[in-house]
Amino acid sequence: MFNLDEFFNGTELHAYEFFGAHKKGKGVVFNLWAPHAYKVEVIGSFNDWGKAIPMSKSDPRGIWTLEITDCKLTHAYRYRIYKDSHTCHEKIDPYAFYAERRPATASCMYDLDYYRFSDDDYMQKRTFSYDKPMSIYEVHINGFKNPKGELLNTYRNLKETLIPYVLENGFTHIELMPVFEHPFDGSWGYQSTGFYCATSRYGTPYDLMDFVNECHKQGIGVILDVVYAHFVQDSFGLVNYDFAPLYEYPEKHLMKSEWGSYYFNLNSGPVISFLLSSANFYLQRYHFDGLRFDAVSHFIYHKGNRDLGDNVEGLSFVKRMNYHLKEENPSVMLIAEDSTDYPNVTKEIKWGGLGYDYKWDLGWMNDTLRYYKMDHEYRKYHHNLINFSMAYFYNEKFIMPLSHDEVVHSKGTIVDKMFGTYEEKFHLCRNLFVLMFTHPGKKLNFMGNEIAMFREFDESKQLDWFMLQYPLHDSFKRFFKDMNLIYTGHKAFYENEFDWHNFRWIDADNNAQSVYSYYRLDDKECFVVVLNMMPISYETFEIGVPFGGTYVEIMNSEKDIYSGCNMCNFTPIKAKRRKRHGLKHSITISLAPFAGIIFKVKYRKPRKK
């Protein structure tokens, strides 16, 4: 399937089938692109790192080739690249499938064809999930749970710990933070060296394949966080690869990113093919169900800065990437982590969009957390921070993220961001998640959100599971699980959610009391949501409702089982035919301080005359 001309044109999705180290008969064949090299040699453990074996130039455009006829795919190796007859340096293989465990840096030969997936049923049925629930659990592999007490977690451990946990707590998808090989643990994979290497710090490629396979057998989708805007500057990697800028821009003002890494040269056809092929590689060889693209703003604007103007090359690259990936993998999800308000990110390319399936709603995240951090007394002056998200929601297909970015670098965890006393933080945080799970849009939560962790994320430690010994945390976890199950169990909260008929405000403007109310509906059920953002209770609080009938409270964040005050609506409430909030019916409820409440009513569609 590999085509060398398409590789140089920047349209090749299978470069990994040609470049790198591949089994051939009883030997191994190496192919490398290094157009500026004077000569190239291969050194490795196949001869105890002894005499280097020279490669021959097989194409004038800079392709170097070597076949070792008696060699097994079990060895580590490096390329020794010469600038001239005397000056050389050693580099990793950009297309290696495996690498030595850090701090060692050599590439490793690996035969990916040995593993056989058994997830055909899942793969044939998977979709974009537009009309399905999607509650994503974002995970850093080493920071989740390590019951064996080892320094590093493993892909195998995740099969035993993460999969049952996700199933038990109602999540539908797992999103793994980057697994690309990276030298520094503290980068969490966002500054990578190996764009085809699943990091060896957690196990082998087979172990990761087996984890994805098992997720699929249990009905769990797996999304991979990928970083194609930039690469790490470590000297053994891609930077100055053949003694000249090859993967990075040659122009100094374009070369470096704000993170100290190097931007990929999106003017180069081979570099574009390298990135296209990497994305396709993880979809086809590892069976990931989606890719979440980091730092999309840097593809849209130069250095992610609107003032520097549109990044024409970056926008072209994004469209090319998404178009070709969809051609080969029509059922995968392509997700943009984009902090800009650039239009049509999730519109199809043929209609002038960028071709992503979803976009993170970072506007909702920032506005919402700002509101919940705020002193209660000032909320009435910032009422629009909560209702503004619906003013633009239908412009894109959104995922609502409370991700790892919000619980690091002294920002405080989600529960710790809440205003008030220690106990009030839990009341408000439960209220926040009622809002999140009933607001249109798919959901994403970073691990630890569901147990109300106070310690910020640390990649070297597992979650503070011991906190579940304390009633406030244990009851919060129960609440979070129940919200997940309500969300995934009622199609009104996810089906047709990108259609404006699915959501209606009842009262979006009650800033005097800081109470919001709205409803969600499908063809049989309607759910009314009421959110009290103040430490004030109301024995009787009247709201309009869209239908007559009996309203049953199915969630109250202030139930005693969630460590709330237990001021709830324990008996069904019959709607009265009295106009309120522009609706023909109303109900009178009890509303506790900081309560997030969901009522359900069944209704019949009016008969057509």
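Just so you know, these numbers use all the heavy atoms, side chains as well, and skip hydrogens, waters and symmetry mates. Please read all numbers here as calculations on a predicted model, not as lab measurements.
Counting only distance, with no hydrogens or angles, the side chain of E138 and the backbone of L176 share no donor-acceptor pair below 3.5 Å. Side-chain atoms of K442 come within 3.5 Å of backbone N or O of S129 as a donor-acceptor pair. For the pair D185 (side chain) and S460 (backbone), a donor-acceptor distance under 3.5 Å is absent. Using modelled atom types, no side-chain atom of H302 and backbone atom of L254 make a donor-acceptor pair closer than 3.5 Å. The main-chain N or O of A96 is never found under 3.5 Å from a side-chain atom of S107 such that the two would form a donor-acceptor pair. Put simply, the side chain of K326 gets close to the backbone of V332: a donor and an acceptor are under 3.5 Å apart. No side-chain donor-acceptor contact under 3.5 Å links E175 to the backbone of D225. A distance-only check finds a donor-acceptor pair linking the side chain of N169 to the backbone of Y165 [under 3.5 Å]. Within the 3.5 Å criterion, the main-chain N or O of T193 finds no donor-acceptor partner in the side chain of E181. Not one N or O on the side chain of E450 forms a donor-acceptor pair closer than 3.5 Å with the backbone of K477.
There is a side-chain donor-acceptor pair under 3.5 Å between H216 and D289. Side-chain contact of S273 with S277: a donor-acceptor pair under 3.5 Å is absent, judged by distance alone. A donor-acceptor pair shorter than 3.5 Å can be found between the side chains of Y372 and N431. The closest side-chain donor-acceptor pair between H287 and D119 falls under 3.5 angstrom.
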Walk me through it: do V296 and Y356 pass the test side-chain contact (heavy atoms from CB on, under 4.5 Å)?
CA-CA 11 Å; V296 169; Y356 289 104; 3.6 Å; yes

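A heavy-atom distance below 4.5 Å is not found between the side chains of D482 and F479. S200 has its side chain within reach of R101: a pair of non-hydrogen atoms, C-beta onward, lies under 4.5 Å apart. F293 places a side-chain heavy atom less than 4.5 Å from the side chain of L334. The shortest distance between side-chain heavy atoms of K319 and Y323 does not fall below 4.5 Å.
For an aromatic pair to be called close, the ring centres must be under 6.0 Å apart, and F7 with F18 fails this. When ring centroids are compared, Y262 and Y247 stay outside the 6.0 Å threshold. No close placement of the F281 and F274 rings is indicated, their centers lying 6.0 Å or farther apart.
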